[in-house]
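Have a look at the structure below before the remarks.
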Amino acid sequence: SRFPLKKRLNEVVATDTLFSDIASVEGYTCSQVFFGCSSRIVEVYGMKSKSEFPDVYADFMREIGIPHTLRRDNALEEDSFKVRQMNRENIVMDEYTEPKHPQQNPAELNGVKMIKERSLQLMDRVNAPKQTWSLAQRYVADIYNITSNTQLNNKVPKEVATGETQDISHALLYRFFEPIYYYANEITYSSSKEEPGYFVGFAMSSGDALTFKILKTDMRIILVRNVIRSAVNTIKKNRRVNFNKEVKNHMNQGDELIT
């Protein structure tokens, strides 16, 4: 089943916050990173402020699973009455780092640092705009969680965490910020039935397994679509669909092969 009932996670889950200097496309200013200390799973949730921690913690428990222990630092948002009440109700033990000792939080080195470095590298490689940082972090985490890990004897983090064999079909089709065409539902007869956009991730809770997040060319609106195709294919490109000049130049490479 694509939407199985979530089980308890037989491991300690550590968490820490990652801050950005600008707001993301979704309006987030920071991310909450969860790291499974045994499975090495990494999950990232965008937040508009640190006060949203109880909400993203609840999302983690219902989407991934309930840990037997939650380890975090002494931030007030992560040790609020609401969070402690959630742990009581779900029988989750509390663990804290010593003040001024961030190295005692595994999420700092294995989660936050990894996500920050790899997401920035990804944005550099594909020339993604700054405001896509949250989407890049989510994409990095999704790929990491279904990739063989040498520290797990080449097992997959998400499989170790949930006990479920992972399907990687959705991850093999597009790369982050790849120019794509998506099907336009409301369009006149004489107009092209495709619109331009950029692939920015997987819509895990929408549609079928091959449903994706698409960023419109205005860099402001994220759509969820499953009828899309790559715009990089120079043979089957749609010449009535407009991207920016840099993308057009890339797409026009290979025109000399068309006869």
Side-chain angles (χ1 to χ4, degrees), residues 1-16 18 31-46 56-71 90 92 106-107 109-119 121-122 125-126 132 134-178 180 198-214 222 224-230:
S1 171
R2 186 163 181 242
F3 305 108
L5 294 175
K6 297 306 175 184
K7 305 175 182 177
R8 295 195 69 95
L9 303 178
N10 186 29
E11 63 178 325
V12 176
V13 169
T15 188
D16 203 1
L18 190 164
S31 297
Q32 193 67 31
V33 179
F34 294 88
F35 173 73
C37 296
S38 299
S39 66
R40 306 194 70 81
I41 191 173
V42 174
E43 296 291 336
V44 183
Y45 294 86
V56 298
Y57 180 37
D59 288 340
F60 175 84
M61 289 196 291
R62 67 188 179 91
E63 293 174 5
I64 307 302
I66 303 172
H68 71 58
T69 302
L70 178 68
R71 181 178 299 170
N90 292 285
V92 178
L109 176 63
N110 301 287
V112 170
K113 183 178 180 181
M114 184 274 290
I115 289 294
K116 181 184 294 185
E117 291 178 350
R118 295 189 185 183
S119 62
Q121 288 175 352
L122 176 63
R125 299 293 185 273
V126 301
T132 61
S134 177
L135 295 164
Q137 289 177 5
R138 180 70 263 174
Y139 178 82
V140 167
D142 286 341
I143 297 299
Y144 169 87
N145 286 334
I146 57 173
T147 302
S148 173
N149 192 309
T150 56
Q151 293 178 287
L152 298 174
N153 195 24
N154 294 318
K155 293 182 179 179
V156 174
K158 201 163 188 177
E159 183 175 346
V160 174
T162 65
E164 302 162 5
T165 301
Q166 299 301 304
D167 182 0
I168 64 171
S169 303
H170 61 287
L172 305 177
L173 300 176
Y174 308 99
R175 69 179 187 276
F176 185 77
F177 211 65
E178 178 175 341
I180 59 91
Y198 298 89
F199 167 80
V200 289
F202 314 106
M204 305 301 290
S205 59
S206 300
D208 58 28
L210 299 181
T211 303
F212 309 103
K213 294 179 182 178
I214 307 302
I222 299 172
V224 174
R225 295 289 187 272
N226 62 359
V227 182
I228 71 173
R229 69 185 182 95
S230 175

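Starting from 1, each residue takes its place in the sequence as its number. Both backbone and side-chain heavy atoms feed into the values below; hydrogens, waters and symmetry mates do not.
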Run the side-chain contact (heavy atoms from CB on, under 4.5 Å) test against Val224 and tell me which residues pass, sequence neighbours left out.
Ala203, Ser206, Thr211
Val33 versus Ala107, closest heavy-atom pair with distance:
O-CB, 4.3 Å
For Glu11, all residues meeting side-chain contact (heavy atoms from CB on, under 4.5 Å), sequence neighbours excluded:
Leu9, Val13, Ser38, Ser39, Ile41, Ala161
Kindly indicate whether the side chain of Tyr139, heavy atoms from C-beta on, has any atom under 4.5 Å from the side chain of Leu135.
no
Locate the shortest heavy-atom distance separating Asp142 from Ile146; write the atom from each residue and the value.
O-CG1, 3.4 Å
How many angstroms lie between CG in Leu122 and CD1 in Ile115, if you round to the nearest 0.5 Å?
10.5 Å
Kindly compute the distance separating OG (Ser119) from CG (Leu18), expressed to the nearest 0.5 Å.
7.0 Å
Would you mind reporting whether Thr162 and Lys7 have side-chain heavy atoms less than 4.5 Å apart?
no
Please check if the side chain of Asn145 supplies one atom and the backbone of Val42 the other of a donor-acceptor pair under 3.5 Å.
yes
Looking at Asn226, I want to see if its CG is surrounded by more than 12 non-hydrogen atoms of other residues, nucleotides or ligands under 6.0 Å.
yes
Quick one: does any side-chain atom of Ser148 pair with a main-chain N or O of Asn154 as donor and acceptor, under 3.5 Å?
yes
Do the rings of Tyr198 and Phe177 sit parallel, tilted or perpendicular, given the 30° and 60° boundaries?
parallel
Of all heavy-atom pairs between Val56 and Gln32, which one has the smallest distance, and what is that distance?
CG2-CB, 4.0 Å
In terms of heavy-atom contacts, Arg8 and Pro67 come closest through NH2-O, 3.5 Å
Is the backbone of Ser169 close enough, under 3.5 Å, to the side chain of Asp167 for a donor and an acceptor to pair up by distance?
yes
Between atom CD of Gln137 and atom OG1 of Thr132, what is the distance when rounded to the nearest 0.5 Å?
10.0 Å
Minimal heavy-atom distance between Val44 and Arg138, with the atoms involved, is O-NH1, 2.7 Å
Listed by chain and number, what are the side chain to side chain donor-acceptor pair (under 3.5 Å) partners of Arg229, not counting sequence neighbours?
Glu194
Could you tell me the separation between the CD1 atom of Ile180 and the CZ atom of Arg225, rounded to the nearest 0.5 Å?
9.5 Å
Residue pairs passing the ring pair (Phe, Tyr, Trp, His ring centres under 6.0 Å) test where at least one lies in residues 151-171, sequence neighbours excluded
His170-Phe202
Is any side-chain heavy atom of Phe199 less than 4.5 Å from a side-chain heavy atom of Leu173?
no
Test His68 against Val12 for side-chain contact (heavy atoms from CB on, under 4.5 Å), laying out the working first.
CA-CA 6 Å; His68 71 58; Val12 176; 3.5 Å; yes
Nearest heavy-atom pair of Lys213 and Ile222: which atoms, and what distance?
CB-CG2, 4.1 Å
So, taking the atom named CG in Asn149 and the one named NZ in Lys158, what distance separates them when rounded to the nearest 0.5 Å?
15.0 Å
Any chance you could measure Thr15, atom OG1, to Phe35, atom CZ, to the nearest 0.5 Å?
12.0 Å
Those residues that, when tested against Glu117, pass side-chain contact (heavy atoms from CB on, under 4.5 Å) (two or more places apart)
Lys113
Please name all residues satisfying ring pair (Phe, Tyr, Trp, His ring centres under 6.0 Å) with Phe60, sequence neighbours left out, ordered by chain then number.
Phe34
